[in-house]
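The block underneath contains the structure these notes are about, expressed in structure tokens.
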Amino acid sequence: MHNRLPEPSADERAHSERLLARLREHIAAHGPMPFAQYMERCLYTPGLGYYSAGATKFGAAGDFITAPELGELFARCVVHAVQGALAQLGDAAEFLELGAGSGAFAEAALRAMHEAGTLPRRYAILEPSADLRERQRSRLTATLPPDVAARVHWLDRPPTEPWRGVLFANEVIDALPATRFAIHDGAVWEECVGLDDDGRLVREDRPADAALVNAVLQLERELGAPFDDGYRSELLPQLAAWLQAIAGTLKVGLMLFVDYGYTRREFYLPERRDGTLMAHYRHRSHTDPLYLPGLNDLTASVDFSALAEAGVRAGFALASYLPQSAFLIGAGLPQAFEAAYVNAPDEAARYRLAQQVKRLTLPEQMGERFQAMLFARGLDPLPLPADLIDGDHAARL
């Protein structure tokens, strides 16, 4: 499999080896680490983790392309979906983006908010990567009017004081460290990462602790059947606590999460016997999370049923759940496309717009693989476009 992937440069390989040395040292001293801990270190170790180091990650030169990287249509639809809430909250409104990537979404969203007259008093970005912060800051300072760019602030941690507004996260939950479990002879085991006799990383299963056993048994009760022997998948036991931590101080407003994933019954289908874990390297997906640690983005699909439960537990009402295609169309994609098409400078630009729409909405692209989930708290009436409320698929959860 690895011979089908691009060869890393000498510097990239050396970077991965530095992280690998730390992983080996920890495992040698403490024994095999749970996969969630391995994933967390691969993604977030300061200076070495995938999201903490300085390599280009987004766009054509990186490892993957997110919806905002395709152009402005995605961001304009998101703004259209939430601008009623921003307008209702008036001068008190704030906007919080989790993990702003290259800054493409923030740039397009702030431009759209400015045009619509719904600029929040503050556009906050919660970004753990110092390198990405500086890239975002440079981009927004260079492309936005000074008075608009001045509203952007970067946060080291979630807000600790009560606030009102909109929280937005695109492809964030899929990067939360996932716990991997396996079923052997009817018992629950936890996937860990250890070392073989030659010091190479290997995946191995260890008996699960009581918390993981109970979480898997609860899944089986909800699904109405036990997992087959040999079944392996992921869950996020920390999801409710994580959501409370990032959104507990949002007293009035909306939360919007867009990510790839499934309802619980779809996530744990019997035929999905090895879960949803994927690694992304130079626009290629593969299934070996131990390959070149620190250079691959490691992700697992989102259980949107679990996300809905976590949001309700945090005190929010589930407002709408839709496939990305239905969300974007209900949030004004046809109108945004028409306006951009009319103002496009040439045929090449119009072609790129059409390609954007295809990537965002076609079932085999992002349209059905990605889902949008909206939560609300303290907003009366609920200021969402009617199509987003009427098209709600929450009954599937």
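Side chains included, hydrogens not; waters and symmetry mates left out as well; all remaining heavy atoms used.
A pairwise comparison of heavy atoms in Ser16 and Pro293 identifies OG-O, 2.9 Å as the closest pair. Nearest heavy atom pair, residue Leu295 against residue Pro8, reads CD1-CB, 4.3 Å. Of all non-hydrogen atoms in Ser285 and Met278, the two that sit nearest each other are CB-CE, 3.4 Å.
Side-chain contact between Pro289 and Met39: absent, with no pair of heavy atoms (C-beta onward) separated by less than 4.5 Å. Counting only heavy atoms from C-beta outward, the side chains of Leu328 and Phe370 never approach each other to under 4.5 Å. By the 4.5 Å heavy-atom criterion applied to side chains, Thr66 and Phe74 are not counted as neighbours. For the pair Leu292 and His15, the minimum side-chain heavy-atom distance is 4.5 Å or more. Within the 4.5 Å cutoff, no side-chain heavy atoms of Leu167 are placed close to those of Leu254. By the 4.5 Å heavy-atom criterion applied to side chains, Arg232 and Glu191 are counted as neighbours. Inter-residue side-chain proximity for Leu155 and Leu96 is flagged as met; some heavy-atom pair is nearer than 4.5 Å. By the 4.5 Å heavy-atom criterion applied to side chains, Phe375 and Leu256 are not counted as neighbours.
Residues meeting the side chain to side chain contact (heavy atoms under 4.5 Å, CB included) test with Glu234, sequence neighbours left out: Ala178, Arg180, Phe267, Thr276, Leu277, Ala300. Every residue two or more places apart in sequence or in another chain that forms a side chain to side chain contact (heavy atoms under 4.5 Å, CB included) with Ser325 is listed here: Pro323, Thr361, Glu368. Partners of Arg13 by salt bridge (Lys or Arg N to Asp or Glu O under 4.0 Å), not counting sequence neighbours, listed by chain and number: Glu7. Val252 meets the side chain to side chain contact (heavy atoms under 4.5 Å, CB included) test with Leu89, Arg164, Leu379; sequence neighbours excluded. Remark: Gln37 pairs with His26, Met33, Pro34, Arg41 by the side chain to side chain contact (heavy atoms under 4.5 Å, CB included) rule, at least two apart or across chains.
Sorted by first and then second residue, the salt bridge (charged side-chain N to carboxylate O under 4.0 Å, His left out) pairs involving residues 344-356 (not counting sequence neighbours) are Glu347-Arg350. For residues 214-231, every residue pair satisfying the side chain to side chain donor-acceptor pair (under 3.5 Å) rule, not counting sequence neighbours, is listed here: Gln218-Arg221, Gln218-Glu222, Glu222-Arg264. Legend: salt bridge (charged side-chain N to carboxylate O under 4.0 Å, His left out) pairs involving residues 110-125, not counting sequence neighbours, sorted by first then second residue: Glu72-Arg111, Arg76-Glu115, Glu94-Arg121, Glu94-Arg122, Glu107-Arg111. Legend: salt bridge (charged side-chain N to carboxylate O under 4.0 Å, His left out) pairs involving residues 369-397, not counting sequence neighbours, sorted by first then second residue: Glu266-Arg396. The salt bridge (charged side-chain N to carboxylate O under 4.0 Å, His left out) contacts involving residues 145-160 comprise Arg133-Asp156, where partners must be two or more places apart or lie in separate chains.
Using cut-offs of 30° and 60° on the angle between ring planes, the pair His286 and Tyr291 is perpendicular. Phe105 and Phe168 have parallel rings, their planes meeting at less than 30° on a 0 to 90° scale where 60° marks the start of perpendicular.
Of the possible polar contacts, none joining the Asp198 side chain to the Arg200 backbone as a donor-acceptor pair under 3.5 Å is found. Formation of a donor-acceptor pair under 3.5 Å by the Ser138 side chain with backbone atoms of Glu134 is found in this model. Using a distance-only test at 3.5 Å, with no hydrogens or angles considered, no donor-acceptor pair links the side chain of Thr249 to the main chain of Trp163. Listed for the Ser129 side chain is a donor-acceptor partner under 3.5 Å among the backbone atoms of Leu132. A donor-acceptor pair is defined here as one N or O able to donate and one able to accept, closer than 3.5 Å; no such pair exists between the side chain of Asn170 and the backbone of Asp259.
Tyr51 and Asp297 share a side-chain donor-acceptor pair at under 3.5 Å. For the 3.5 Å distance criterion, the side chains of Gln371 and Gln324 fail to qualify, holding no donor opposite an acceptor. At a cut-off of 3.5 Å, with distance as the only test, no side-chain donor of Ser102 or Gln136 sits close to an acceptor on the other residue. A donor-acceptor pair shorter than 3.5 Å can be found between the side chains of Tyr260 and Thr299.
Other residues sharing a hydrophobic cluster with Val202 under the 4.5 Å side-chain heavy-atom criterion for ILVMFWY residues do not exist; the residue is a singleton.
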Distance-only check: which donor-acceptor pairs under 3.5 Å involve side-chain atoms of residues 237-247, not counting sequence neighbours?
residue, atom, partner, partner atom, Å
Gln238, NE2, Pro177, O, 2.8

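A distance of 6.0 Å or more separates the ring centres of Phe304 and Tyr262.
The number of heavy-atom neighbours closer than 6.0 Å to CG of Asp91, taken from other residues, nucleotides and ligands shown, is 12 or below. Heavy-atom contacts from other residues, nucleotides or ligands closer than 6.0 Å to NZ of Lys358 number 12 or fewer. For CD of Glu25, the number of neighbouring non-hydrogen atoms (other residues, nucleotides, ligands) closer than 6.0 Å is 12 at most.
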Take Glu12 and Arg282 through the salt bridge (Lys or Arg N to Asp or Glu O under 4.0 Å) test and state the conclusion after the steps. CA-CA 12 Å; Glu12 288 172 328; Arg282 306 266 189 89; 2.7 Å; yes
Give the intermediate values and the outcome of ring pair (Phe, Tyr, Trp, His ring centres under 6.0 Å) for residues Phe181 and Phe227. CA-CA 11 Å; Phe181 68 88; Phe227 292 114; 5.4 Å; yes
Test log, rule side-chain contact (heavy atoms from CB on, under 4.5 Å), inputs Tyr50 and Asn296: CA-CA 7 Å; Tyr50 181 80; Asn296 288 264; 5.6 Å; no
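Between the NE2 atom of His80 and the OG1 atom of Thr118 there is a distance of 11.0 Å, given to the nearest 0.5 Å. Summarising the geometry, atom CH2 belonging to Trp189 is positioned 6.5 Å from atom NE2 belonging to His184; distances are rounded to the nearest 0.5 Å.
Between Glu204 and Arg206 there is a salt bridge, with a side-chain nitrogen of the basic residue lying less than 4.0 Å from a carboxylate oxygen of the acidic one. Note on Arg22 versus Glu17: no salt bridge recorded, every NZ/NE/NH1/NH2 to OD/OE distance being 4.0 Å or above.
Hydrophobic clustering places Leu307 together with Val172 (ILVMFWY residues linked when any side-chain heavy atoms are closer than 4.5 Å, directly or through intermediates). Both Tyr123 and Leu140 sit in one connected hydrophobic cluster of ILVMFWY residues. Membership requires side-chain heavy atoms under 4.5 Å apart, directly or through other members.
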